[in-house]
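Encoded as structure tokens, the structure appears first; notes follow it.
Model, not experiment: these values are computed from the prediction.
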Amino acid sequence: MPSSDRRDTPARPLVGFGPIDLFCLFAVVPLVIAAGILIIEGVPSIGIVFIVLAALVLAFDSWVHRPDPR
């Protein structure tokens, strides 16, 4: 009699992030360059905001491209 539960199948690890799309770098690289310029010019608070925005864009893009858990 076949089992209807999923105990027989191996567990797949939960993956929260996937690969980063290279076109995402079209948004991230200018943000990082602008952040570097702002930090060098003496406005580090706004430069740090730009770096955080770049990191959020990368994290969101990686989250959108995560593998399907099925």
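- A continuous path of ILVMFWY side-chain contacts below 4.5 Å connects V32 to L25, so both sit in one hydrophobic cluster.
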Side-chain donor/acceptor pairs under 3.5 Å, residues 46-62, sequence neighbours excluded:
| from | atom 1 | to | atom 2 | distance (Å) |
| --- | --- | --- | --- | --- |
| D61 | OD1 | H65 | ND1 | 3.4 |
| D61 | OD2 | D21 | N | 2.8 |
| S62 | OG | G18 | N | 3.2 |
| S62 | OG | G18 | O | 2.6 |

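- Hydrophobic clustering places V28 together with L22 (ILVMFWY residues linked when any side-chain heavy atoms are closer than 4.5 Å, directly or through intermediates).
- Pairs passing the ring-ring contact (aromatic ring centres under 6.0 Å, His included) check and including a residue from residues 19-40, sequence neighbours excluded, read F23-F26.
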